[in-house]
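Throughout, a chain's letter reflects where its sequence line sits, starting with A, and its residues are numbered from 1.
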Amino acid sequence: MPSIISPQCQDILEAFSLEPKIDKETLEHYLNKYPQFSEYLVDLSFELTRTTIEDCDPLSAQDEEDIEMAWQRHRERIAAKVIHPFADLTIDNLRQIAVSLDVPRSVVSAFRERKVIVGSVPKAFLLRFASAVNQTVESFMVFLRQGSSPAAVRSYKSNVKPLEQEQLTFEQLLIQADVSQERREKLLSER
Amino acid sequence: MPLQTILLSKSIDGIEPAIIGRLSYHPQILYKRDTTVITPLRKLTKSGNLYHRQPEIEIKLLELDSLTPKERLAQCQIVDHKNPMYVPSECILHFVRAARENPDGTYYAGLYKVLIARVLKQLPKRTNKSDKEALSDALIRENALGIFCELLADDVLGYAERLDFYEVQFMRAVRMLRIDVYREVQRDDDGKESIDSEEENCGLKKEVEDAIQNYNPFDLKIISILDYRFELDSAIEKLPDLQKRILQMLKLEMPIDSIDPNIVTISKTLKKSEKTIRTHRDKAFEAIRRRLTRGEY
C-alpha cells in the first residue's frame, strides 16, 4: 500500500524521527522550518513520545499465527519477484556473457541450469555475472539457490521446471569445463 | 547496487577509529583484524551523510557476530528485556539482512520470525471484538505488517534503503510506519465521526464546563506516574485528530496563542482560532476525564 504522504514529507518526518531528542524545541524547529507539514509533525511527535510499557508477555496463539503467515507470504513474495535472468537471452547473448566473464560457454550454461553451489562461487565473480545478466547480485543468488533446494523450488512456483540434480562446486565446474589451472586459481582467488 | 564488502585498513575520510577493548571501532564501519565484519548502511541523510547505527548497537553487533549462527539465533529469541543477553531489534534486523543471501535457510527463517514478533509488539493487538475501534486496529496491524514484510522481501532481491532507518531507530521507524498506516486507514474510513466536521465552536454543557474547570490531565503531581502516562496517552490516541494535536502540543507546553509572531503557537500551527482551540481542548479534557475515570467524576 503506497504512503499517502509525499516523498519530501516522508524525508522530513524521517529526519525528525532521527533527532536525538523529540521535545518542544525540536518540534518548534521543524514547525518553523516546514510549516506545510505541521499536522504530520505534531502527529508524529505524539507517536514518538507516547509512553509505552514493555510488553514481556509471551506471544499469543494469534501472534504465532500472524508470524507464520508473514513467513509464508515472504516466501511467496520473493518467488513472485525473482526474474529468470536467462529467460530472454539469445545464444549470442550467452556467448557474449561467456566472453565478458572469460569462461567457457559451458560454465555459463551450468549457472543457467543452477548446477553450481552458490556458496562456492567467489563474490566478485557473482557480482560480475549478475551485472552481465542485468540482475542485482541478491536476486541472482536467490535464483541460483532455487536449484539447490527441491523443496524451495516447488514452493516458489517458478515458471521454470523444478530441477533435481547433482550440484557442483565452482571449482569442479571449472575443471569440467577444461579451464586452465592458472585461470582457475585466478578466478577462485577473486574476492 | 551490488553488495559490497569493504576491506578497511586504517582510517576513513581522515577519521581515525577508536579502540574499544580488542576491537577497533569506527562510527560507520566496524572491523576487526583489518576485515570489515559489519557492513555500513547506504542511505544518505538530506544533508548527504550516510545513516549510521547507534554506537551501542554497533558494539552489540560485533559481540553477536562472534557467535555461531545457532548461538546468535538463540540469543535473539530472548524476550525478556531485562535479561542482559536481550538483543535489540536493530541488531536482529541487521542479521536478517546479512543472511538474506540464503533466505531458505533455517537460520534466516528463525531470525525473520523473531523480527516479525518484535514488529507485532509495537502494533495494536488482535482482539475478538468487532467494534469500529477494533476493526481499525486490526487494519493498522495487518497493513503495517504487510508494508514491513514487503520491505524485507525487496531487501532479499536488492537493497531496501528504507530498512536502514529501521537499523538506526527500530522502534521509532515502526511507530512512524504505524502512524502512516493509521492515516491511510482513517482516510478510507468514510463513516468516521470527526470532531472536525462538527460545528467548531459548539460549546460544552454547563455541568461539563464546571466539571473540567480545574481539570488538567498534565498535572505535574500525577504525570510522573508511568501507568498514568500510559493510560493518558492511550486516551489521547482515541481522540479526534484536532483534539489529539492540541493535547500533544499542550503536553509539550506550547502556548495556545501569543502576541509575539515568532512564537510557535497551537492556534497558528493548526490554523484555528484561539476560541476554537480552547473549545476543543475542553472537549478533549472532558473525553479524557471520562475515559480515565470510566465516567465517574
Side-chain angles (χ1 to χ4, degrees), chain A residues 1 3-5 11-15 17-18 23-24 27-28 31-32 35 38-39 42-56 58-60 62-63 66-68 70-71 73-75 77-78 81-82 118-119 123 127 130-131 136-139 141-142 145 148-149 151-152 191, chain B residues 1-3 5 45-46 79-81 100-104 109 112-113 116-117 120-121 126 143 145-147 149-150 152-159 165 168-169 172-173 175-176 178-181 183-184 187 226-227 229-230 232-233 236-237 241 244-245 248-249 251-254 264 269-270:
Chain A
M1 181 173 57
S3 174
I4 57 171
I5 60 175
D11 284 348
I12 302 303
L13 296 179
E14 195 163 312
S17 302
L18 290 172
D23 56 12
K24 184 185 175 188
L27 182 59
E28 277 176 346
L31 289 175
N32 272 323
S38 57
E39 290 184 351
V42 175
D43 289 348
L44 185 56
S45 76
F46 170 74
E47 196 61 38
L48 298 182
T49 57
R50 62 181 294 170
T51 308
T52 50
I53 292 176
E54 298 293 3
D55 178 4
C56 293
L59 294 169
S60 66
Q62 287 175 326
D63 287 337
D66 285 347
I67 291 167
E68 203 47 52
W71 171 242
R73 284 190 186 155
H74 181 65
R75 293 167 63 88
R77 277 192 180 102
I78 293 170
K81 288 181 180 189
V82 171
V118 184
K123 185 62 72 62
L127 281 168
S131 167
T136 63
V137 72
E138 294 89 350
S139 179
M141 286 170 79
V142 170
R145 284 190 197 279
S148 63
S149 161
R191 296 173 67 96
Chain B
M1 188 177 174
L3 182 73
T5 301
T45 62
K46 275 180 75 66
V79 291
D80 182 2
H81 303 251
R100 68 190 195 276
E101 288 173 5
N102 187 10
D104 280 322
Y112 182 94
K113 291 177 184 180
I116 297 300
L120 287 179
K121 290 274 185 192
R126 263 171 66 170
N143 292 350
L145 185 62
I147 291 172
C149 290
E150 192 71 35
L152 288 176
D154 287 347
D155 202 57
V156 169
L157 302 172
Y159 187 88
F165 175 29
V168 179
Q169 280 280 5
R172 288 188 184 181
R175 286 182 176 199
M176 189 166 140
R178 177 180 158 142
I179 199 164
D180 210 13
V181 171
R183 213 175 282 124
E184 183 76 21
R187 190 185 62 162
L226 179 69
D227 285 348
R229 286 204 307 275
F230 176 74
L232 175 62
D233 283 340
I236 293 175
E237 191 189 18
D241 289 340
K244 189 159 92 176
R245 289 171 189 141
Q248 172 60 10
M249 295 183 81
K251 190 168 88 176
L252 294 176
E253 298 177 350
M254 290 176 157
V264 176
T269 302
L270 302 179

**Student:** Got B/Q248 and A/D43 here, is their nearest side-chain heavy-atom distance under 4.5 Å?
**Tutor:** no

**Student:** Go through the steps for B/R100 and A/V142 under the test side chain to side chain contact (heavy atoms under 4.5 Å, CB included), then give the verdict.
**Tutor:** CA-CA 9 Å; B/R100 68 190 195 276; A/V142 170; over 6 Å; no

**Student:** Against chain B, label A/T49 side chain, backbone, both or neither, depending on which of its atoms sit under 4.5 Å from a heavy atom there.
**Tutor:**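 Looking at A/T49, backbone and side chain both touch chain B.
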
**Student:** For B/I236 versus A/F46, what's the shortest heavy-atom pair and its separation?
**Tutor:** CG2-CE1, 3.6 Å

**Student:** What part of B/F230 gets within 4.5 angstrom of chain A, counting heavy atoms only: side chain, backbone, both, or neither?
**Tutor:** both

**Student:** Any side-chain heavy atom of B/I116 within less than 4.5 Å of one from A/H74?
**Tutor:**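 A side-chain contact is absent here, since even the closest heavy-atom pair is not under 4.5 Å.
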
**Student:** So how far is it from A/I12 CD1 to B/K46 NZ, rounded to the nearest 0.5 Å?
**Tutor:**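 So the gap between those two atoms works out to 4.0 Å.
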
**Student:** Counting only non-hydrogen atoms closer than 4.5 Å, does A/L44 touch chain B with its backbone (N, CA, C, O), its side chain (CB onward), both, or neither?
**Tutor:** both

**Student:** Measure B/T45 against the heavy atoms of chain A and call it side chain, backbone, both or neither at under 4.5 Å.
**Tutor:** neither

**Student:** Just wondering, do A/R77 and B/V156 contact through their side chains at under 4.5 Å, heavy atoms?
**Tutor:** no

**Student:** Between A/E47 and B/M176, is the side chain to side chain contact (heavy atoms under 4.5 Å, CB included) condition met? List the steps.
**Tutor:** CA-CA 7 Å; A/E47 196 61 38; B/M176 189 166 140; over 6 Å; no

**Student:** Which one wins on heavy-atom pair count under 4.5 Å against chain A: B/K244, B/Q169, B/R178?
**Tutor:**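 Greatest number of close heavy-atom pairs with chain A: B/R178.
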
**Student:** Which bit of A/A70 comes within less than 4.5 Å of chain B, counting heavy atoms only: side chain, backbone, both or neither?
**Tutor:** both

**Student:** Based on non-hydrogen pairs under 4.5 Å, which of B/L145, B/L157, B/L232, B/T269 is most in contact with chain A?
**Tutor:** B/L157

**Student:** With sequence neighbours excluded, tell me which residues meet salt bridge (Lys or Arg N to Asp or Glu O under 4.0 Å) with A/E39.
**Tutor:**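 Here the qualifying residues are B/R245.
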
**Student:** Within this structure, what is the CD1-CG distance for the pair B/I179 and A/L13, rounded to the nearest 0.5 Å?
**Tutor:** 8.5 Å

**Student:** Of the non-hydrogen atoms in A/W71 and B/A109, which two are nearest, and what is the gap between them?
**Tutor:**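 Answer, listing the atom of A/W71 first, then B/A109: CZ2-CB, 3.4 Å.
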
**Student:** Heavy-atom pairs under 4.5 Å with chain A - which of B/E253, B/E237, B/M249 has more of them than the others?
**Tutor:**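 Among B/E253, B/E237, B/M249, the one with the most close pairs to chain A is B/E237.
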
**Student:** Ion pair present between A/E68 and B/K113, side-chain N to carboxylate O less than 4.0 angstrom?
**Tutor:**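 Looking at A/E68 and B/K113, the cut-off is met.
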
**Student:** Around atom CZ of A/R73, are there more than 12 heavy atoms from other residues, nucleotides or ligands closer than 6.0 Å?
**Tutor:** no

**Student:** Partners of B/D154 by salt bridge (Lys or Arg N to Asp or Glu O under 4.0 Å), sequence neighbours excluded?
**Tutor:** A/K81

**Student:** For a quick test of reading the model, state the closest non-hydrogen atom pair linking B/D233 to A/T51 and the distance between them.
**Tutor:** OD2-N, 2.7 Å

**Student:** Report the distance from atom CZ of B/R172 to atom CG of A/L18, rounding to the nearest 0.5 Å.
**Tutor:** 7.5 Å

**Student:** Between B/L226 and chain A, with a heavy-atom cut-off of 4.5 Å, which part of the residue counts as in contact: side chain, backbone, both or neither?
**Tutor:** both

**Student:** Evaluate the side-chain proximity of B/R175 to A/T52: yes if any heavy-atom separation is below 4.5 Å, no if none is.
**Tutor:**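 Yes, close enough: below the 4.5 Å cut-off.
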
